[in-house]
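In this text the structure is predicted, and so the values were computed from the model without any measurement. No hydrogens, no waters, no symmetry mates; every other heavy atom, side chains included, goes into these values. Throughout, protein chains are lettered first and strands after them, A, B, ... in sequence-line order, and every chain is numbered starting at 1.
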There are 2 protein chains.
Amino acid sequence: MDKLLNLKTAESEKVSHSDYFRIAISVDCVIFGYDKKELKILLIKSDLAEFSDLWSLLGDLVRPNEDLETASYRILKERTGLDDVYLEQVYTFGSLNRHPSGRVITVAYYSLVDINHLHLKLTHNELHWHRLTDIKNLAFDHQLILNTCLQRIREQVMEKPVIFNLLPEKFSLRELQELYQSILGVNLDRRNFRKKISLKDWVVDLDEMESDVPHRPGKLYKAKVQLRKKQAKKRLQSQL
Amino acid sequence: MDKLLNLKTAESEKVSHSDYFRIAISVDCVIFGYDKKELKILLIKSDLAEFSDLWSLLGDLVRPNEDLETASYRILKERTGLDDVYLEQVYTFGSLNRHPSGRVITVAYYSLVDINHLHLKLTHNELHWHRLTDIKNLAFDHQLILNTCLQRIREQVMEKPVIFNLLPEKFSLRELQELYQSILGVNLDRRNFRKKISLKDWVVDLDEMESDVPHRPGKLYKAKVQLRKKQAKKRLQSQL
DNA sequence: CAGGACGGTGGCAAACAGCCAATAAAATCC
DNA sequence: GGATTTTATTGGCTGTTTGCCACCGTCCTG
(Lines give C-alpha, C1' and ligand atoms only; values in the text may rest on other atoms or scores of the structure.)
Protein backbone atom coordinates (compact mmCIF):
# COMPACT_ATOMS: atom_id res chain seq x y z
CA MET A 1 0.00 0.00 0.00
CA ASP A 2 1.23 3.46 -0.81
CA LYS A 3 0.04 6.21 1.43
CA LEU A 4 0.56 9.87 0.97
CA LEU A 5 -2.52 11.30 2.54
CA ASN A 6 -2.80 8.98 5.44
CA LEU A 7 0.12 9.70 7.66
CA LYS A 8 -1.21 8.70 11.02
CA THR A 9 1.54 6.20 11.62
CA ALA A 10 4.19 8.63 10.60
CA GLU A 11 2.92 11.49 12.69
CA SER A 12 2.76 9.40 15.82
CA GLU A 13 6.48 8.83 15.40
CA LYS A 14 7.32 12.48 14.88
CA VAL A 15 7.99 12.33 11.17
CA SER A 16 6.42 15.21 9.34
CA HIS A 17 4.91 15.03 5.90
CA SER A 18 7.69 17.04 4.31
CA ASP A 19 10.29 14.63 5.67
CA TYR A 20 9.18 12.10 3.14
CA PHE A 21 10.42 14.39 0.42
CA ARG A 22 13.94 14.56 1.74
CA ILE A 23 15.00 11.55 -0.27
CA ALA A 24 16.24 12.06 -3.80
CA ILE A 25 16.17 9.34 -6.39
CA SER A 26 18.65 8.74 -9.15
CA VAL A 27 19.37 6.20 -11.82
CA ASP A 28 22.81 4.79 -12.51
CA CYS A 29 23.64 3.01 -15.74
CA VAL A 30 26.22 0.30 -16.07
CA ILE A 31 27.02 0.67 -19.76
CA PHE A 32 28.72 -2.35 -21.22
CA GLY A 33 30.65 -2.29 -24.45
CA TYR A 34 32.91 -4.78 -26.18
CA ASP A 35 36.09 -3.95 -28.04
CA LYS A 36 39.41 -5.61 -28.73
CA LYS A 37 38.10 -8.85 -27.28
CA GLU A 38 37.46 -7.25 -23.91
CA LEU A 39 34.39 -6.23 -22.01
CA LYS A 40 34.39 -2.52 -21.25
CA ILE A 41 32.44 -0.25 -18.94
CA LEU A 42 31.78 3.41 -19.59
CA LEU A 43 32.77 5.53 -16.59
CA ILE A 44 33.06 9.20 -15.80
CA LYS A 45 35.26 11.09 -13.36
CA SER A 46 33.37 11.73 -10.17
CA ASP A 47 32.45 15.37 -9.65
CA LEU A 48 32.33 15.13 -5.88
CA ALA A 49 35.24 16.29 -3.79
CA GLU A 50 34.86 13.24 -1.55
CA PHE A 51 35.58 11.03 -4.52
CA SER A 52 38.08 13.13 -6.42
CA ASP A 53 40.06 10.99 -8.82
CA LEU A 54 37.61 8.14 -8.57
CA TRP A 55 35.53 6.96 -11.48
CA SER A 56 31.80 6.49 -11.26
CA LEU A 57 28.92 5.16 -13.27
CA LEU A 58 26.84 7.42 -15.43
CA GLY A 59 23.78 8.60 -13.60
CA ASP A 60 21.64 11.52 -12.70
CA LEU A 61 18.77 12.45 -10.48
CA VAL A 62 15.35 11.50 -11.72
CA ARG A 63 13.24 14.52 -12.59
CA PRO A 64 9.79 14.91 -11.15
CA ASN A 65 8.17 14.55 -14.54
CA GLU A 66 10.02 11.60 -15.97
CA ASP A 67 9.73 7.95 -15.16
CA LEU A 68 12.70 5.75 -14.40
CA GLU A 69 13.18 4.38 -17.88
CA THR A 70 12.93 7.82 -19.39
CA ALA A 71 15.61 9.05 -17.03
CA SER A 72 17.90 6.20 -18.04
CA TYR A 73 17.37 6.81 -21.71
CA ARG A 74 17.99 10.48 -21.20
CA ILE A 75 21.32 9.79 -19.55
CA LEU A 76 22.33 7.43 -22.29
CA LYS A 77 21.28 9.88 -24.95
CA GLU A 78 23.13 12.75 -23.31
CA ARG A 79 26.31 10.77 -22.89
CA THR A 80 26.48 8.48 -25.85
CA GLY A 81 24.13 10.03 -28.37
CA LEU A 82 22.32 6.71 -28.72
CA ASP A 83 18.66 6.31 -28.02
CA ASP A 84 17.97 2.88 -29.40
CA VAL A 85 19.81 0.79 -26.87
CA TYR A 86 19.08 -2.18 -24.74
CA LEU A 87 18.41 -1.22 -21.16
CA GLU A 88 17.24 -3.25 -18.23
CA GLN A 89 16.58 -2.48 -14.61
CA VAL A 90 18.59 -4.57 -12.20
CA TYR A 91 18.36 -3.50 -8.58
CA THR A 92 17.72 -0.52 -6.35
CA PHE A 93 20.29 0.60 -3.81
CA GLY A 94 19.16 2.62 -0.85
CA SER A 95 21.64 2.43 2.00
CA LEU A 96 21.52 5.42 4.26
CA ASN A 97 25.08 6.50 3.69
CA ARG A 98 25.67 5.54 0.13
CA HIS A 99 25.85 9.19 -0.97
CA PRO A 100 27.94 11.65 1.03
CA SER A 101 25.82 14.69 0.16
CA GLY A 102 22.51 13.36 1.40
CA ARG A 103 19.95 10.65 1.07
CA VAL A 104 19.89 9.37 -2.51
CA ILE A 105 18.33 6.12 -3.53
CA THR A 106 19.47 4.87 -6.90
CA VAL A 107 17.95 2.49 -9.39
CA ALA A 108 20.58 0.61 -11.35
CA TYR A 109 20.19 -0.26 -15.01
CA TYR A 110 22.50 -2.09 -17.29
CA SER A 111 22.87 -1.17 -20.89
CA LEU A 112 24.53 -2.88 -23.82
CA VAL A 113 25.91 -0.80 -26.65
CA ASP A 114 27.93 -1.39 -29.78
CA ILE A 115 31.08 0.43 -28.78
CA ASN A 116 32.29 0.99 -32.32
CA HIS A 117 29.04 2.32 -33.59
CA LEU A 118 28.86 5.32 -31.34
CA HIS A 119 30.96 8.44 -31.13
CA LEU A 120 31.23 9.72 -27.61
CA LYS A 121 31.46 13.36 -26.85
CA LEU A 122 34.63 12.81 -24.94
CA THR A 123 35.68 16.43 -25.19
CA HIS A 124 34.97 18.33 -22.01
CA ASN A 125 33.78 15.59 -19.70
CA GLU A 126 36.08 12.89 -18.53
CA LEU A 127 34.27 9.96 -19.98
CA HIS A 128 36.15 6.81 -20.82
CA TRP A 129 35.79 3.15 -21.50
CA HIS A 130 37.52 0.96 -18.94
CA ARG A 131 38.43 -2.65 -19.21
CA LEU A 132 36.32 -4.57 -16.72
CA THR A 133 39.44 -6.25 -15.39
CA ASP A 134 41.08 -2.90 -14.67
CA ILE A 135 38.32 -1.45 -12.55
CA LYS A 136 39.18 -1.26 -8.88
CA ASN A 137 37.89 1.59 -6.79
CA LEU A 138 34.75 3.29 -7.90
CA ALA A 139 33.02 6.21 -6.24
CA PHE A 140 29.97 5.70 -4.02
CA ASP A 141 28.79 2.09 -3.95
CA HIS A 142 29.31 1.83 -7.66
CA GLN A 143 31.53 -1.18 -7.38
CA LEU A 144 28.67 -3.06 -5.77
CA ILE A 145 26.28 -1.82 -8.44
CA LEU A 146 28.65 -2.90 -11.17
CA ASN A 147 29.08 -6.35 -9.66
CA THR A 148 25.35 -6.78 -9.33
CA CYS A 149 24.79 -5.81 -12.95
CA LEU A 150 27.57 -8.06 -14.13
CA GLN A 151 26.05 -10.95 -12.27
CA ARG A 152 22.68 -10.22 -13.86
CA ILE A 153 24.04 -10.04 -17.37
CA ARG A 154 25.86 -13.32 -16.84
CA GLU A 155 22.59 -14.92 -15.84
CA GLN A 156 20.75 -13.54 -18.82
CA VAL A 157 23.20 -13.97 -21.60
CA MET A 158 22.40 -17.64 -22.18
CA GLU A 159 18.68 -17.14 -21.64
CA LYS A 160 17.80 -14.19 -23.83
CA PRO A 161 19.33 -12.88 -27.05
CA VAL A 162 20.60 -9.67 -25.49
CA ILE A 163 24.25 -10.13 -26.26
CA PHE A 164 23.95 -8.99 -29.86
CA ASN A 165 23.55 -5.43 -28.69
CA LEU A 166 27.25 -5.46 -27.95
CA LEU A 167 28.27 -6.49 -31.43
CA PRO A 168 28.19 -4.79 -34.81
CA GLU A 169 25.38 -5.83 -37.10
CA LYS A 170 27.45 -8.48 -38.82
CA PHE A 171 29.68 -10.75 -36.86
CA SER A 172 31.35 -14.14 -37.08
CA LEU A 173 30.75 -17.00 -34.72
CA ARG A 174 34.28 -16.62 -33.48
CA GLU A 175 33.59 -13.04 -32.44
CA LEU A 176 30.39 -14.12 -30.75
CA GLN A 177 32.17 -16.86 -28.87
CA GLU A 178 34.94 -14.52 -27.76
CA LEU A 179 32.31 -12.12 -26.45
CA TYR A 180 30.60 -14.86 -24.48
CA GLN A 181 33.96 -15.81 -23.04
CA SER A 182 34.65 -12.23 -22.00
CA ILE A 183 31.34 -11.95 -20.24
CA LEU A 184 31.34 -15.32 -18.56
CA GLY A 185 35.04 -15.33 -17.83
CA VAL A 186 35.56 -18.87 -19.06
CA ASN A 187 36.72 -20.56 -22.22
CA LEU A 188 34.16 -22.44 -24.25
CA ASP A 189 34.58 -25.43 -26.48
CA ARG A 190 34.20 -24.24 -30.06
CA ARG A 191 32.12 -27.10 -31.37
CA ASN A 192 29.79 -27.18 -28.40
CA PHE A 193 29.37 -23.45 -28.61
CA ARG A 194 28.33 -23.58 -32.25
CA LYS A 195 25.92 -26.40 -31.58
CA LYS A 196 24.32 -24.51 -28.72
CA ILE A 197 23.99 -21.28 -30.67
CA SER A 198 22.44 -22.97 -33.65
CA LEU A 199 19.95 -24.72 -31.37
CA LYS A 200 18.93 -21.40 -29.87
CA ASP A 201 17.97 -20.07 -33.28
CA TRP A 202 19.15 -16.58 -32.45
CA VAL A 203 21.30 -15.89 -35.52
CA VAL A 204 20.83 -15.84 -39.28
CA ASP A 205 23.49 -16.89 -41.75
CA LEU A 206 24.11 -13.92 -44.06
CA ASP A 207 25.93 -15.92 -46.75
CA GLU A 208 28.75 -13.43 -46.52
CA MET A 209 32.31 -13.80 -45.44
CA GLU A 210 34.57 -11.79 -43.21
CA SER A 211 37.07 -9.63 -45.04
CA ASP A 212 40.23 -7.89 -43.93
CA VAL A 213 41.07 -10.61 -41.50
CA PRO A 214 44.63 -12.01 -41.52
CA HIS A 215 43.43 -15.60 -41.81
CA ARG A 216 40.79 -17.70 -43.37
CA PRO A 217 37.57 -15.65 -43.21
CA GLY A 218 34.54 -17.00 -41.41
CA LYS A 219 30.89 -16.74 -42.28
CA LEU A 220 29.03 -13.66 -41.13
CA TYR A 221 25.81 -13.79 -39.19
CA LYS A 222 23.34 -11.29 -37.85
CA ALA A 223 20.97 -11.43 -34.91
CA LYS A 224 17.59 -12.85 -35.81
CA VAL A 225 15.82 -10.68 -33.23
CA GLN A 226 17.31 -7.62 -31.67
CA LEU A 227 16.05 -6.81 -28.20
CA ARG A 228 16.06 -3.04 -28.06
CA LYS A 229 14.14 -0.17 -26.62
CA LYS A 230 10.73 -0.86 -28.11
CA GLN A 231 10.87 -4.58 -27.58
CA ALA A 232 11.90 -4.13 -23.99
CA LYS A 233 8.85 -1.99 -23.35
CA LYS A 234 6.53 -4.47 -24.96
CA ARG A 235 8.04 -7.22 -22.89
CA LEU A 236 7.35 -5.40 -19.66
CA GLN A 237 3.79 -4.61 -20.59
CA SER A 238 3.07 -8.20 -21.46
CA GLN A 239 3.63 -9.10 -17.84
CA LEU A 240 0.29 -7.57 -17.04
CA MET B 1 27.05 9.28 -11.31
CA ASP B 2 24.91 10.82 -8.63
CA LYS B 3 24.90 14.54 -8.40
CA LEU B 4 23.30 16.61 -5.76
CA LEU B 5 25.59 19.56 -5.60
CA ASN B 6 26.32 19.92 -9.24
CA LEU B 7 23.06 20.90 -10.83
CA LYS B 8 24.28 22.76 -13.88
CA THR B 9 22.39 20.52 -16.23
CA ALA B 10 19.25 20.75 -14.22
CA GLU B 11 19.32 24.50 -13.85
CA SER B 12 19.82 25.05 -17.52
CA GLU B 13 16.57 23.23 -18.08
CA LYS B 14 14.64 25.16 -15.49
CA VAL B 15 14.45 22.48 -12.85
CA SER B 16 15.20 23.83 -9.44
CA HIS B 17 17.04 21.99 -6.72
CA SER B 18 13.97 21.53 -4.60
CA ASP B 19 12.11 19.89 -7.47
CA TYR B 20 14.24 16.83 -6.99
CA PHE B 21 12.65 16.32 -3.61
CA ARG B 22 9.12 16.17 -4.91
CA ILE B 23 9.32 12.44 -5.40
CA ALA B 24 8.39 10.17 -2.55
CA ILE B 25 9.62 6.62 -2.27
CA SER B 26 7.77 3.67 -0.86
CA VAL B 27 8.20 -0.05 -0.53
CA ASP B 28 5.48 -2.57 -1.31
CA CYS B 29 5.62 -6.13 -0.07
CA VAL B 30 4.09 -9.06 -1.85
CA ILE B 31 3.65 -11.39 1.09
CA PHE B 32 3.15 -14.98 0.10
CA GLY B 33 1.67 -17.60 2.36
CA TYR B 34 0.52 -21.15 1.84
CA ASP B 35 -2.50 -22.75 3.40
CA LYS B 36 -5.03 -25.40 2.48
CA LYS B 37 -2.96 -26.35 -0.54
CA GLU B 38 -3.22 -22.90 -2.02
CA LEU B 39 -0.88 -19.99 -2.45
CA LYS B 40 -2.14 -16.90 -0.66
CA ILE B 41 -1.27 -13.22 -0.75
CA LEU B 42 -1.71 -10.85 2.14
CA LEU B 43 -3.67 -7.75 1.09
CA ILE B 44 -5.17 -4.76 2.78
CA LYS B 45 -8.11 -2.58 1.86
CA SER B 46 -6.91 0.50 0.05
CA ASP B 47 -7.23 3.68 2.08
CA LEU B 48 -7.49 5.95 -0.93
CA ALA B 49 -10.84 7.19 -2.14
CA GLU B 50 -9.79 6.59 -5.73
CA PHE B 51 -9.45 2.92 -4.98
CA SER B 52 -12.24 2.41 -2.51
CA ASP B 53 -13.15 -1.24 -2.24
CA LEU B 54 -9.98 -2.33 -3.95
CA TRP B 55 -7.32 -4.35 -2.24
CA SER B 56 -3.70 -3.38 -2.24
CA LEU B 57 -0.32 -4.69 -1.22
CA LEU B 58 1.20 -3.81 2.11
CA GLY B 59 3.49 -0.88 1.83
CA ASP B 60 4.49 2.43 3.25
CA LEU B 61 6.67 5.39 2.49
CA VAL B 62 10.34 5.02 3.24
CA ARG B 63 11.48 7.22 6.06
CA PRO B 64 14.45 9.50 5.62
CA ASN B 65 16.48 7.59 8.16
CA GLU B 66 15.81 4.01 7.17
CA ASP B 67 17.14 2.04 4.26
CA LEU B 68 14.92 0.05 1.92
CA GLU B 69 15.32 -3.28 3.65
CA THR B 70 14.66 -1.73 7.02
CA ALA B 71 11.46 -0.20 5.71
CA SER B 72 10.31 -3.56 4.37
CA TYR B 73 11.04 -5.31 7.63
CA ARG B 74 9.25 -2.58 9.51
CA ILE B 75 6.13 -3.07 7.41
CA LEU B 76 6.23 -6.80 7.88
CA LYS B 77 6.76 -6.43 11.58
CA GLU B 78 3.93 -3.94 11.94
CA ARG B 79 1.50 -6.06 10.00
CA THR B 80 2.40 -9.62 10.78
CA GLY B 81 4.43 -9.39 13.96
CA LEU B 82 7.22 -11.37 12.33
CA ASP B 83 10.70 -10.09 11.98
CA ASP B 84 12.60 -13.15 10.93
CA VAL B 85 11.23 -13.60 7.47
CA TYR B 86 12.61 -14.12 4.03
CA LEU B 87 12.50 -10.94 1.99
CA GLU B 88 13.90 -10.14 -1.40
CA GLN B 89 13.87 -7.08 -3.57
CA VAL B 90 12.35 -7.64 -6.99
CA TYR B 91 11.81 -4.51 -9.03
CA THR B 92 11.22 -0.79 -8.77
CA PHE B 93 8.16 0.81 -10.30
CA GLY B 94 8.24 4.47 -11.13
CA SER B 95 5.64 5.38 -13.73
CA LEU B 96 4.55 8.97 -13.53
CA ASN B 97 0.91 8.25 -12.82
CA ARG B 98 1.07 5.12 -10.80
CA HIS B 99 -0.09 6.92 -7.67
CA PRO B 100 -3.07 9.29 -7.85
CA SER B 101 -1.92 11.52 -5.00
CA GLY B 102 1.47 12.42 -6.38
CA ARG B 103 4.77 11.11 -7.57
CA VAL B 104 5.63 7.95 -5.68
CA ILE B 105 8.26 5.49 -6.77
CA THR B 106 7.95 2.12 -5.12
CA VAL B 107 10.43 -0.67 -4.56
CA ALA B 108 8.76 -4.07 -4.58
CA TYR B 109 9.82 -6.89 -2.29
CA TYR B 110 8.49 -10.35 -2.00
CA SER B 111 8.27 -12.12 1.29
CA LEU B 112 7.57 -15.70 2.25
CA VAL B 113 5.95 -16.47 5.58
CA ASP B 114 4.58 -19.51 7.34
CA ILE B 115 0.94 -18.57 7.35
CA ASN B 116 0.02 -20.84 10.25
CA HIS B 117 2.82 -19.69 12.45
CA LEU B 118 1.77 -16.08 12.68
CA HIS B 119 -1.19 -14.40 14.24
CA LEU B 120 -2.23 -11.34 12.34
CA LYS B 121 -3.68 -8.37 14.03
CA LEU B 122 -6.72 -8.58 11.84
CA THR B 123 -8.84 -6.53 14.19
CA HIS B 124 -9.12 -2.93 13.11
CA ASN B 125 -7.42 -2.98 9.75
CA GLU B 126 -8.88 -4.86 6.87
CA LEU B 127 -6.08 -7.26 6.32
CA HIS B 128 -6.76 -10.61 4.73
CA TRP B 129 -5.19 -13.52 2.96
CA HIS B 130 -6.45 -13.96 -0.58
CA ARG B 131 -6.14 -16.96 -2.80
CA LEU B 132 -3.83 -16.07 -5.66
CA THR B 133 -6.38 -17.37 -8.10
CA ASP B 134 -9.07 -15.07 -6.73
CA ILE B 135 -7.15 -11.84 -7.11
CA LYS B 136 -8.45 -9.66 -9.89
CA ASN B 137 -8.36 -5.90 -9.52
CA LEU B 138 -5.82 -4.43 -7.20
CA ALA B 139 -5.31 -0.77 -6.39
CA PHE B 140 -2.54 1.24 -8.06
CA ASP B 141 -0.30 -0.88 -10.27
CA HIS B 142 -0.27 -3.59 -7.65
CA GLN B 143 -1.45 -6.23 -10.05
CA LEU B 144 1.65 -5.62 -12.14
CA ILE B 145 3.82 -5.71 -9.03
CA LEU B 146 2.24 -8.95 -7.91
CA ASN B 147 2.75 -10.55 -11.31
CA THR B 148 6.36 -9.47 -11.39
CA CYS B 149 7.01 -10.91 -7.94
CA LEU B 150 5.23 -14.13 -8.80
CA GLN B 151 7.35 -14.51 -11.86
CA ARG B 152 10.47 -13.95 -9.78
CA ILE B 153 9.54 -16.47 -7.16
CA ARG B 154 8.79 -19.02 -9.86
CA GLU B 155 12.27 -18.49 -11.25
CA GLN B 156 13.91 -18.84 -7.87
CA VAL B 157 12.04 -21.68 -6.31
CA MET B 158 14.02 -24.38 -8.10
CA GLU B 159 17.31 -22.54 -7.76
CA LYS B 160 17.45 -21.58 -4.12
CA PRO B 161 15.97 -23.18 -1.00
CA VAL B 162 13.59 -20.32 -0.30
CA ILE B 163 10.38 -22.28 -0.45
CA PHE B 164 10.73 -23.69 3.05
CA ASN B 165 9.86 -20.29 4.47
CA LEU B 166 6.28 -21.01 3.43
CA LEU B 167 6.06 -24.28 5.34
CA PRO B 168 6.00 -25.21 9.00
CA GLU B 169 9.22 -26.52 10.40
CA LYS B 170 8.29 -30.14 9.81
CA PHE B 171 6.67 -31.19 6.57
CA SER B 172 6.20 -34.23 4.38
CA LEU B 173 7.41 -34.55 0.84
CA ARG B 174 3.80 -34.59 -0.30
CA GLU B 175 3.22 -31.19 1.28
CA LEU B 176 6.37 -29.87 -0.30
CA GLN B 177 5.32 -31.15 -3.69
CA GLU B 178 1.86 -29.65 -3.39
CA LEU B 179 3.44 -26.32 -2.54
CA TYR B 180 5.68 -26.46 -5.58
CA GLN B 181 2.66 -27.24 -7.67
CA SER B 182 0.75 -24.28 -6.29
CA ILE B 183 3.59 -21.93 -7.05
CA LEU B 184 4.45 -23.23 -10.47
CA GLY B 185 0.88 -23.91 -11.49
CA VAL B 186 1.65 -27.34 -12.86
CA ASN B 187 1.44 -30.91 -11.65
CA LEU B 188 4.67 -32.74 -10.97
CA ASP B 189 5.43 -36.42 -11.21
CA ARG B 190 5.83 -37.75 -7.68
CA ARG B 191 8.82 -39.97 -8.29
CA ASN B 192 10.70 -37.38 -10.34
CA PHE B 193 9.97 -34.77 -7.72
CA ARG B 194 11.40 -36.87 -4.94
CA LYS B 195 14.47 -37.68 -6.96
CA LYS B 196 15.08 -34.03 -7.73
CA ILE B 197 14.62 -32.90 -4.14
CA SER B 198 16.93 -35.52 -2.77
CA LEU B 199 19.56 -34.50 -5.33
CA LYS B 200 19.33 -30.88 -4.22
CA ASP B 201 20.20 -31.83 -0.66
CA TRP B 202 17.91 -29.19 0.79
CA VAL B 203 16.04 -31.34 3.30
CA VAL B 204 16.90 -33.54 6.25
CA ASP B 205 15.01 -36.68 7.16
CA LEU B 206 13.74 -36.26 10.71
CA ASP B 207 12.97 -39.95 11.31
CA GLU B 208 9.50 -38.94 12.36
CA MET B 209 6.14 -39.64 10.85
CA GLU B 210 3.12 -37.52 10.15
CA SER B 211 0.30 -37.99 12.58
CA ASP B 212 -3.37 -37.10 12.46
CA VAL B 213 -3.56 -37.71 8.75
CA PRO B 214 -6.44 -39.80 7.41
CA HIS B 215 -4.14 -42.10 5.50
CA ARG B 216 -0.79 -43.74 5.76
CA PRO B 217 1.55 -41.15 7.33
CA GLY B 218 4.63 -40.05 5.47
CA LYS B 219 8.07 -39.23 6.76
CA LEU B 220 8.70 -35.78 8.07
CA TYR B 221 11.55 -33.59 6.89
CA LYS B 222 12.94 -30.21 7.76
CA ALA B 223 14.87 -27.70 5.72
CA LYS B 224 18.62 -28.21 5.89
CA VAL B 225 19.30 -24.49 5.51
CA GLN B 226 16.76 -21.80 6.08
CA LEU B 227 17.31 -18.62 4.09
CA ARG B 228 16.06 -15.88 6.36
CA LYS B 229 16.83 -12.36 7.34
CA LYS B 230 20.41 -12.68 8.45
CA GLN B 231 21.42 -15.02 5.68
CA ALA B 232 19.89 -12.76 3.08
CA LYS B 233 21.99 -9.87 4.31
CA LYS B 234 25.15 -11.89 4.26
CA ARG B 235 24.39 -13.00 0.75
CA LEU B 236 24.05 -9.46 -0.50
CA GLN B 237 27.24 -8.34 1.14
CA SER B 238 29.20 -11.19 -0.36
CA GLN B 239 28.55 -9.73 -3.78
CA LEU B 240 31.09 -7.06 -2.98
C1' DC C 1 -12.12 -56.67 7.03
C1' DA C 2 -12.65 -54.25 2.78
C1' DG C 3 -11.91 -50.06 0.40
C1' DG C 4 -9.67 -45.72 -0.04
C1' DA C 5 -5.85 -42.78 0.13
C1' DC C 6 -1.41 -42.02 0.07
C1' DG C 7 3.76 -43.72 0.74
C1' DG C 8 7.51 -45.50 -1.11
C1' DT C 9 10.33 -47.24 -4.81
C1' DG C 10 13.37 -48.10 -10.20
C1' DG C 11 14.14 -48.79 -14.83
C1' DC C 12 13.85 -47.50 -19.63
C1' DA C 13 14.25 -44.13 -23.43
C1' DA C 14 15.11 -39.61 -25.23
C1' DA C 15 17.29 -35.33 -24.94
C1' DC C 16 21.21 -32.84 -23.51
C1' DA C 17 26.05 -31.64 -22.20
C1' DG C 18 30.92 -32.34 -22.19
C1' DC C 19 34.84 -33.99 -24.50
C1' DC C 20 37.74 -34.77 -28.37
C1' DA C 21 40.69 -34.30 -33.84
C1' DA C 22 41.22 -34.14 -38.72
C1' DT C 23 40.80 -31.69 -42.97
C1' DA C 24 40.14 -27.31 -45.66
C1' DA C 25 40.67 -22.48 -46.81
C1' DA C 26 42.76 -18.23 -46.80
C1' DA C 27 46.66 -15.12 -45.57
C1' DT C 28 51.50 -14.26 -44.87
C1' DC C 29 56.28 -14.93 -45.34
C1' DC C 30 60.14 -16.20 -47.73
C1' DG D 1 54.71 -20.27 -55.70
C1' DG D 2 55.66 -23.24 -51.85
C1' DA D 3 55.77 -23.54 -46.96
C1' DT D 4 53.85 -21.99 -42.84
C1' DT D 5 50.40 -20.05 -39.96
C1' DT D 6 45.94 -19.20 -38.56
C1' DT D 7 41.38 -20.11 -38.27
C1' DA D 8 36.86 -22.48 -40.22
C1' DT D 9 34.16 -26.20 -40.37
C1' DT D 10 32.20 -30.47 -39.05
C1' DG D 11 30.30 -35.39 -35.84
C1' DG D 12 30.44 -39.12 -32.87
C1' DC D 13 31.03 -41.10 -28.35
C1' DT D 14 29.89 -41.00 -23.48
C1' DG D 15 28.02 -39.87 -19.25
C1' DT D 16 24.18 -37.20 -17.20
C1' DT D 17 19.83 -35.50 -16.75
C1' DT D 18 14.85 -35.49 -17.67
C1' DG D 19 10.47 -37.39 -18.59
C1' DC D 20 7.54 -41.06 -18.34
C1' DC D 21 5.50 -45.02 -16.37
C1' DA D 22 3.08 -49.03 -12.27
C1' DC D 23 3.06 -51.87 -8.37
C1' DC D 24 2.78 -53.19 -3.70
C1' DG D 25 2.58 -51.71 1.21
C1' DT D 26 0.53 -49.32 5.12
C1' DC D 27 -2.44 -46.79 7.72
C1' DC D 28 -7.11 -45.07 8.42
C1' DT D 29 -12.09 -45.30 8.13
C1' DG D 30 -16.41 -47.15 8.11
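Within residues 166-176 of chain A, no residue is approached by DNA chain C to less than 4.0 Å at the level of any non-hydrogen atom.
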After noting the C-alpha distance and the side-chain angles of B/K37 and B/E178, does the key distance pass the salt bridge (Lys or Arg N to Asp or Glu O under 4.0 Å) rule? CA-CA 6 Å; B/K37 307 193 179 183; B/E178 285 166 349; 3.2 Å; yes
Worked verdict on B/V113 versus B/F32 for side chain to side chain contact (heavy atoms under 4.5 Å, CB included): CA-CA 6 Å; B/V113 304; B/F32 290 96; over 6 Å; no
Could you go through B/S111 and B/V30, starting from their C-alpha distance and side-chain angles, then the distance that decides it, and tell me whether this counts as side chain to side chain contact (heavy atoms under 4.5 Å, CB included)? CA-CA 6 Å; B/S111 176; B/V30 179; over 6 Å; no
Walk along nucleotides 17-27 of chain C from 5' to 3' and tag each nucleotide B, S or - by protein heavy-atom contact under 4.0 Å, base first, then sugar-phosphate. -BBBB--BBSS
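Spacing between atom CD of B/Q177 and atom P of C/dC6 amounts to 12 Å, rounded to whole angstrom units. Between the CZ atom of A/R194 and the P atom of D/dT7 there is a distance of 13 Å, rounded to whole Å. Rounding to whole angstrom units, CD of residue B/E178 and P of C/dA5 are separated by 14 Å. Atom P of nucleotide D/dT9 and atom CD of A/E210 are separated by 8 Å, given to the nearest angstrom. D/dT18 atom P lies 13 Å from atom CG of B/L188, rounded to whole Å. Rounded to whole Å, atom C1' of D/dT7 lies 14 Å from atom CG of A/L220.
Ring centers of A/F164 and A/F171: under 6.0 Å apart, within the cut-off. You'll find the ring centres of A/Y91 and A/F93 inside the 6.0 Å limit.
Annotation: side-chain hydrogen bond (donor to acceptor under 3.5 Å, both in side chains) contacts of B/D114 (sequence neighbours excluded): none. Take A/R131 and apply the salt bridge (Lys or Arg N to Asp or Glu O under 4.0 Å) test, not counting sequence neighbours, and it matches A/E38, A/D134. Residues passing the salt bridge (Lys or Arg N to Asp or Glu O under 4.0 Å) test with B/K170 are B/E208, sequence neighbours excluded.
Under a 4.0 Å N-O distance rule, the pair A/R174/A/E210 qualifies as a salt bridge.
The aromatic rings of A/H130 and A/H128 stand perpendicular to each other, their planes meeting at an angle above 60°, with 30° marking the opposite boundary.
Between the axis at the start and the axis at the end of the helix from C/dC1-D/dG30 to C/dC30-D/dG1 there is an angle of 10°, using five pairs per end and rounding to 10 degrees.
For the pairing with A/T92, the side chain to side chain contact (heavy atoms under 4.5 Å, CB included) check across A/I25, A/V27, A/I105 returns one residue only, A/I105.
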